[in-house]
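What follows is one structure encoded as structure tokens, with my remarks underneath.
Values below: every heavy atom of this structure, side chains too, minus hydrogens, waters and symmetry copies.
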Amino acid sequence: MTRPLILITNDDGFEAKGLRCLVEVAKEFGEVVVVVPNGPRSATGHAITMSVPLRLKHYRTDDDGTQYYRTNGMPCDCVKLGMKVVLKNRPIDLVLSGINHGSNTSISLLYSGTMGAALEASVENIRAIGFSLSDYDLDADFSAAQVYIRKLIAQVLEHGLPPFAALNVNIPAVPLKQIRGIKVTRQALGYWHEEMVERQDPYGGTYYWLTGWLVNNDMGEDTCEWALAHNYVSVQPVQHDMTAHKMIPILKYLEE
């Protein structure tokens with residue numbers, strides 16, 4: 001039987017440890033092709049490159065034949081290049097994005113390049129999962145994450161996903177024995193409290209650095225934030241349809 005074809009990307013760049021750990025697990029399930037940015041592209045959301053040419057360079061082949069490419073584009077560009085250039089005319093069974101260094105919960109989902117790539121695959125109705133570990137350390141321990149990634153890849157390949165859906169998976173940064181299992185969650189209703197820190201460069205020019213912290217006022221026990229705080233792996237179904245369907249009947253008065 002033909003092994004599944006798996007396309008992998010990320011938003012942390014081709015040198016990220018999380019990428020290497022994800023590739024290691026994905027190879028157990030099928031043929032792997034990697035298309036990633038040539039440097040960090042965190043917080044780029046669903047951005048695509050329109051104003052400059054996209055470059056694509058093959059930079060590595062593993063002993064097992066796994067192919068690696070990097071580009072000057074965004075994570076979403078990586079998915080497009082993977083589908084329409086590198087794997088042109090070949091049906092892709094699964095797109096994986098990550099493993100991101102740091103969580104992508106609550107409102108961060110909108111800013112995440114990791115999840116932007118996964119959602120780009122879902123636009124084409126390709127099964128997709130974005131993985132994030134709640135640890136920003138460049139040398140984070142991904143061993144526990146790999147156990148749950150292995151389980152989730154197997155389940156999605158066997159059972160599939162609803163049409164045009166992707167999974168946003170966030171894994172707590174604790175030892176494997178402390179992880180209590182998986183929770184299917186919803187997005188917590190939080191927001192970023194942001195500040196623009198003003199500074200001076202050595203030449204006297206003013207520049208600004210965006211900083212802030214997540215404010216979570218959602219006390220529900222079915223959210224991504226609750227799951228991570230209680231050492232569960234959060235698995236959140238997401239989609240690119242941003243219509244607020246419940247509001248349509250409420251706004252019918254506008255048609256009068």
Side-chain angles (χ1 to χ4, degrees), residues 2-102 104 111-133 135-140 142 145-146 149 153 166 168-169 240:
T2 303
R3 302 186 76 207
L5 179 57
I6 301 173
L7 174 64
I8 293 183
T9 189
N10 73 354
D11 73 355
D12 288 318
F14 72 102
E15 296 181 311
K17 181 179 178 181
L19 172 68
R20 298 194 300 272
C21 293
L22 181 56
V23 171
E24 183 179 314
V25 175
K27 286 182 179 184
E28 300 173 15
F29 295 91
E31 176 188 351
V32 174
V33 175
V34 178
V35 183
V36 288
N38 58 12
R41 301 287 192 278
S42 295
T44 53
H46 212 109
I48 57 175
T49 302
M50 299 286 290
S51 58
V52 297
L54 285 171
R55 310 290 182 181
L56 184 67
K57 181 179 181 180
H58 178 271
Y59 70 94
R60 177 176 166 182
T61 301
D62 285 347
D63 292 340
D64 58 14
T66 300
Q67 303 295 316
Y68 295 77
Y69 300 81
R70 61 191 182 205
T71 176
N72 60 317
M74 302 295 176
C76 285
D77 295 319
C78 293
V79 175
K80 291 180 181 293
L81 287 166
M83 291 187 300
K84 302 178 187 303
V85 179
V86 178
L87 298 173
K88 186 177 182 180
N89 300 323
R90 295 189 64 190
I92 299 171
D93 296 286
L94 183 63
V95 171
L96 304 176
S97 184
I99 307 166
N100 192 65
H101 293 247
N104 279 308
Y111 303 113
S112 168
T114 300
M115 287 310 300
L119 284 167
E120 178 62 28
S122 76
V123 170
E124 301 282 345
N125 203 19
I126 300 173
R127 292 173 289 190
I129 314 174
F131 293 106
S132 302
L133 177 69
D135 188 337
Y136 290 93
D137 191 335
L138 295 180
D139 194 35
F142 290 92
Q146 287 179 301
I149 288 170
I153 291 175
N168 178 24
V169 177
H240 59 269

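- Side chain of R127 to backbone of I92: no donor-acceptor contact under 3.5 angstrom is found.
- With rounding to the nearest 0.5 Å, the separation of CD in E124 from NE2 in H240 is 9.5 Å.
- A side-chain donor-acceptor contact under 3.5 Å links R41 to the backbone of N72.
- In this structure, the side chain of D11 engages the main chain of T114 through a donor-acceptor pair within 3.5 Å.
- Rounding to the nearest 0.5 Å gives a distance of 11.5 Å between CD1 of I99 and CG of D135.
- If you take CG on N89 and CE on M83, they are separated by 13.0 Å, rounding to the nearest 0.5 Å.
- The shortest distance between side-chain heavy atoms of M74 and E120 does not fall below 4.5 Å.
- The two residues S97 and A117 make their nearest non-hydrogen contact at OG-CB, 3.8 Å.
- How far CZ of F131 is from SG of C21: 12.5 Å, rounded to the nearest 0.5 Å.
- Smallest separation of non-hydrogen atoms from A128 and A118: CB-O, 3.4 Å.
- Side-chain N or O atoms of N168 include one that pairs as donor or acceptor with a backbone N or O of N104 at under 3.5 Å.
- The backbone N or O of V25 lies less than 3.5 Å from no partner atom in the side chain of Q146, so there is not a single donor-acceptor pair.
- A donor-acceptor contact shorter than 3.5 Å is absent between the side chain of D62 and the backbone of D64.
- Screening T9, V95, L7, V34 against C78 for a side chain to side chain contact (heavy atoms under 4.5 Å, CB included) leaves a single residue, T9.
- Here the rule is side chain to side chain contact (heavy atoms under 4.5 Å, CB included) with T66, and of V33, V32, T61, I8 only V32 fits it.
- The NE2 atom of H101 sits 8.5 Å away from atom CG of L133, with the distance rounded to the nearest 0.5 Å.
- Taking CZ from R3 and NZ from K27, the interatomic distance works out to 10.5 Å, rounded to the nearest 0.5 Å.
- With hydrogens and angles ignored, the 3.5 Å screen pairs a side-chain donor or acceptor of T71 with a backbone N or O of R55.
- The minimum heavy-atom distance between V35 and G82, with the atom names listed, is CG2-CA, 4.1 Å.
- A donor-acceptor pair under 3.5 Å links the side-chain atoms of S112 to the main chain of M115, judged by distance alone.
- Residues N10 and P75 have side chains not in contact (no heavy-atom distance under 4.5 Å, counting atoms from C-beta outward).
- A donor-acceptor pair is defined here as one N or O able to donate and one able to accept, closer than 3.5 Å; such a pair exists between the side chain of D93 and the backbone of L5.
- Pairing each heavy atom of G73 with each of P37, the nearest pair is O-CB, 3.8 Å.
- L19 places a side-chain heavy atom less than 4.5 Å from the side chain of V23.
- Applying the ring pair (Phe, Tyr, Trp, His ring centres under 6.0 Å) test to pairs two or more places apart or on separate chains, those with a residue in residues 60-91 are H58-Y69, Y59-Y68.
- Although no hydrogens or angles enter the test, the distance criterion places a donor-acceptor pair under 3.5 Å between the side chain of K17 and the main chain of A140.
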